[in-house]
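Remarks on the structure that follows.
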Amino acid sequence: MRRLDIHRRDRGERALVTLAGEIGPATVPLLRAALEQCLRDGVSAIDVDLTTVGSCDAGGLEVLRTVSQRADRVHASLRLHHPCAQITRLLTVTGSTPLLLAAPARPVTPVLLHDLLETAAPGPTGPSGDATRTSGDRARVPVVKDGIRLRRLSRWQAEGMSEDLADLAAASVAGTCHEACQERGHFLRRLAASTRRPGFALVVAETTGLVGCAFGFPISPVSRSDRALRESVERLTGCARFLLLTQVVAHPHAQCRDIARRLQQRLLADRHAALAVALLHPADQAGQAAFESWGWRNYGEMVGLPGQGAPCVLALSGEGGLPVPRPRAVGRGRA
């Protein structure tokens, strides 16, 4: 029997409803009850996260349309986020897109990073599902300092904790519930793609609960995009071996900046990397400012890479590693 898991989290007068599973005849009543309860509780905006929903039938769509229309009558709203291809087609052919689908709330991922993640090929794995590790790998050894524990997760552990990690990513957004929902979906897709890359590594920070995480993977010349990025970064920094950081999240409190720095350095140490590289959209000014506050050097936009657009390239040297050289005239933008 197909199932549908429903998780609701309220933020003021807004509610984030996260669904996981299939929306069909057996699960539609559960969906209707959960959404109608939001309206009875006086919720003014219902954000429905469909990131982990595989399909939705006509009955499920009718429930979503009906609740959306009821919400509109009481000056509330219902919006869908991150639908799969099947649900997107269903919304399009029924003319429901304008009524139900939320618009993107943040700049898109740079095309090159998207290509690197989408062309991910699984690396060699051991019994635990991780890429093969060397004897000096400290993945199983937690580090505790100032009451904050840093520890490395295996692929299997990362996948098992993905929902908790996504909740942390959403909570770290200093914006609306809609923006938090958008970030949650972006995080889940990026994590799923990153885990398929050889050498994937993820480190979490914990106190009494999760307070941060960072993950990435080394770039090896296995595809055209990988080779182009590796050659460009080598020309820029003189370093051909580096870790591509695909996500860093820190809980929004006074220690968040230090937690983010420590996560990044632990990740570099665990992967024996002297250099980390991050690719950000040129329009993501807030993201660039955050990385610079963590000690990253912004090289500006790097041109000549595959795909449309030119991502901003930032680099960070590991503790005791090679210093990041001053920017050379390789890309455009600020040094």
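Basis for what follows: all heavy atoms, side chains included, without hydrogens, waters or symmetry-related copies. Remember, predicted model here, so these are calculated numbers, not experimental data.
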**Asked** Charged N to carboxylate O under 4.0 angstrom, D226 versus R197?
**Response** yes
**Request:** May I ask you to say whether D47 pairs ionically with R8, meaning some side-chain N is under 4.0 Å from a carboxylate O?
**Result:** no
**Message:** Would you compute the distance between atom CG of L100 and atom OG of S68 and round it to the nearest 0.5 angstrom?
**Reply:** 5.0 Å
Please examine the side chains of [Y] and [X], heavy atoms only from C-beta on, and report whether any two atoms are closer than 4.5 Å.
X: V48; Y: R79; value: no
X: R262; Y: I148; value: yes
X: V203; Y: L153; value: no
X: V93; Y: L91; value: no
X: T52; Y: D5; value: no

With [X], which residues qualify under side chain to side chain contact (heavy atoms under 4.5 Å, CB included), at least two apart?
X: A45; value: R14, S77
X: A71; value: L39, A76
X: R89; value: A85, Q86
X: A201; value: R152, L267, R271

**Request:** List the atom of R241, the atom of L275, and the distance in Å for their closest heavy-atom pair.
**Result:** O-CB, 4.4 Å
**Request:** Check whether any side-chain N or O of T27 sits under 3.5 Å from a backbone N or O of G24 as a donor-acceptor pair, and report yes or no.
**Result:** yes
**Asked** With distance as the sole test, does T237 use its side chain to make a donor-acceptor pair with the main-chain N or O of E234 at under 3.5 Å?
**Response**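 Side chain of T237 to backbone of E234: no pair is present.
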**Asked** Of all residues at least two apart in sequence or in a different chain, which pass the ring pair (Phe, Tyr, Trp, His ring centres under 6.0 Å) check with F215?
**Response**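 F187.
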**Request:** Apply salt bridge (charged side-chain N to carboxylate O under 4.0 Å, His left out) to the pair R3 and E22, showing each step before the final yes or no.
**Result:** CA-CA 6 Å; R3 59 177 292 173; E22 311 290 332; over 6 Å; no
**Asked** If you look only at pairs with a residue in residues 156-169, which of them pass as a salt bridge (charged side-chain N to carboxylate O under 4.0 Å, His left out), with sequence neighbours excluded?
**Response**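 For residues 156-169: R9-D167, E163-R184, D167-R184.
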**Prompt:** Does the side-chain hydrogen bond (donor to acceptor under 3.5 Å, both in side chains) test come out yes or no for Q264 and W296, once each step is laid out?
**Reply:** CA-CA 10 Å; Q264 294 156 18; W296 291 65; 2.8 Å; yes
**Message:** Within the supplied structure, the quantity of interest is the number of heavy atoms (other residues, nucleotides, ligands) at a distance under 6.0 Å from Q69 CD; does it exceed 12?
**Reply:** yes
**Message:** Between Q37 and R40, is the side-chain hydrogen bond (donor to acceptor under 3.5 Å, both in side chains) condition met? List the steps.
**Reply:** CA-CA 5 Å; Q37 185 62 51; R40 285 195 291 270; 2.9 Å; yes
